[in-house]
Amino acid sequence: VSAGSKESISNLQVVHNGLRQQIEGYDFRITTDSENRFSGTAWQTGRMRERLKRYGVMIYIDDTRSGVNTSNFCFWNVVVTDHDGKTQTVMGAMTMCASHEAAEWVLKSLVSMSPFASETIKATMSDLGKLPSLH
């Protein structure tokens with residue numbers, strides 16, 4: 001995937017659709033900017049969704065902006081903490097930047113793939129400060 005490439009969007013859809021066929025419960029979202037250029041993707045497996053159901057009272061969303069890839073995308077980890085205090089990933093995403101708008105899109109993608117999240121999740125923690133409600 002490279003910024004601004006329409007071919008990248010097609011390639012990304014091929015990869016996601018392939019994963020959907022191989023991984024149980026796999027789902028994904030892709031978004032583009034006003035000029036139809038890649039601006040984000042989010043993904044969730046069935047196992048991730050089950051973790052969210054089981055432990056998703058409070059989610060933590062953190063963006064990583066360096067050392068993740070060569071295209072300088074922002075990689076998002078959406079995680080919960082289980083009953084043993086271990087971190088469990090419930091969704092992954094990449095966006096072109098780390099902004100409140102990007103975080104809002106990530107959270108909307110989470111609810112789109114796991115509609116129960118808007119009722120289950122009571123709080124969200126982030127290094128970006130206060131984020132929009134999931135409701």
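For the numbers below, each heavy atom of this structure counts, side chains included, while hydrogens, waters and symmetry mates do not.
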**Student:** Which residue pairs pass the salt bridge (Lys or Arg N to Asp or Glu O under 4.0 Å) test when at least one of the two sits in residues 10-34, sequence neighbours left out?
**Tutor:**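 Of all non-adjacent pairs touching residues 10-34, those that pass salt bridge (Lys or Arg N to Asp or Glu O under 4.0 Å) are Arg20-Asp27, Asp27-Arg29, Asp33-Arg37.
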
**Student:** I'd like to check the salt bridge (Lys or Arg N to Asp or Glu O under 4.0 Å) partners of Glu101; sequence neighbours left out, ordered by chain and number.
**Tutor:**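 Per chain and number, Glu101 pairs via salt bridge (Lys or Arg N to Asp or Glu O under 4.0 Å) with no residue.
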
**Student:** Going by the rule salt bridge (Lys or Arg N to Asp or Glu O under 4.0 Å), which residues pair with Arg54 if we only count those two or more places apart in sequence or in a different chain?
**Tutor:**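 Applying salt bridge (Lys or Arg N to Asp or Glu O under 4.0 Å) to Arg54 gives Glu50.
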
**Student:** Taking side-chain contact (heavy atoms from CB on, under 4.5 Å) as the test, write out the residues that go with Thr87, two or more places apart.
**Tutor:**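 side-chain contact (heavy atoms from CB on, under 4.5 Å) list for Thr87, sorted by chain: Val79.
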
**Student:** Under the side-chain contact (heavy atoms from CB on, under 4.5 Å) rule, collect the residues that match up with Thr41, sequence neighbours excluded.
**Tutor:**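 Partners of Thr41 under the side-chain contact (heavy atoms from CB on, under 4.5 Å) test: Leu12, His16, Ile30, Phe38, Trp43, Met94.
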
**Student:** Filter on salt bridge (Lys or Arg N to Asp or Glu O under 4.0 Å), then keep only pairs touching residues 82-99, sequence neighbours left out; what's left?
**Tutor:**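 Not a single pair qualifies under salt bridge (Lys or Arg N to Asp or Glu O under 4.0 Å).
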
**Student:** Nearest 0.5 Å please: distance from the CD1 atom of Ile61 over to the CD atom of Glu104.
**Tutor:**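 Rounded to the nearest 0.5 Å, the CD1-CD separation comes to 11.0 Å.
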
**Student:** Within the 4.5 Å heavy-atom criterion, are Asn36 and Ile9 side-chain neighbours or not?
**Tutor:**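 Asn36 does not reach Ile9 side chain to side chain.
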
**Student:** Mind checking the CD1-OG1 spacing from Ile23 to Thr45? Nearest 0.5 Å is all I need.
**Tutor:**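 Here the interatomic distance stands at 7.0 Å.
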
**Student:** For Thr32 and Ser39, work out which heavy atoms get closest and say how close.
**Tutor:**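 That would be C-OG, 3.3 Å.
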
**Student:** Any side-chain heavy atom of Thr81 within less than 4.5 Å of one from Met58?
**Tutor:**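 Side chain of Thr81 against side chain of Met58, heavy atoms only: no contact under 4.5 Å found.
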
**Student:** How long is the span from the OG atom in Ser114 to the CZ atom in Arg51, to the nearest 0.5 Å?
**Tutor:**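 If I round to the nearest 0.5 Å, the distance is 12.0 Å.
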
**Student:** How about Phe28 and Asn17: do any of their side-chain heavy atoms sit closer than 4.5 Å?
**Tutor:**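 They are in contact (side-chain heavy atoms under 4.5 Å apart), so the answer is yes.
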
**Student:** Would you give the length of the straight line joining atom OH of Tyr26 to atom CZ of Arg49, rounded to the nearest 0.5 angstrom?
**Tutor:**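 It comes to 11.0 Å.
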
**Student:** Could you tell me whether the side chain of Leu52 reaches within less than 4.5 Å of the side chain of Gln44, counting heavy atoms only?
**Tutor:**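 Answer yes - side chains close enough.
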
**Student:** Please identify which of these residues, Thr124, Val90, Asp62, meets the side chain to side chain contact (heavy atoms under 4.5 Å, CB included) condition with Val78.
**Tutor:**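 The passing option is Val90.
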
**Student:** Measure the spacing between OG1 of Thr120 and OH of Tyr55 and express it to the nearest 0.5 Å.
**Tutor:**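 Interatomic distance, Thr120 OG1 to Tyr55 OH, rounded to 0.5 Å: 14.5 Å.
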
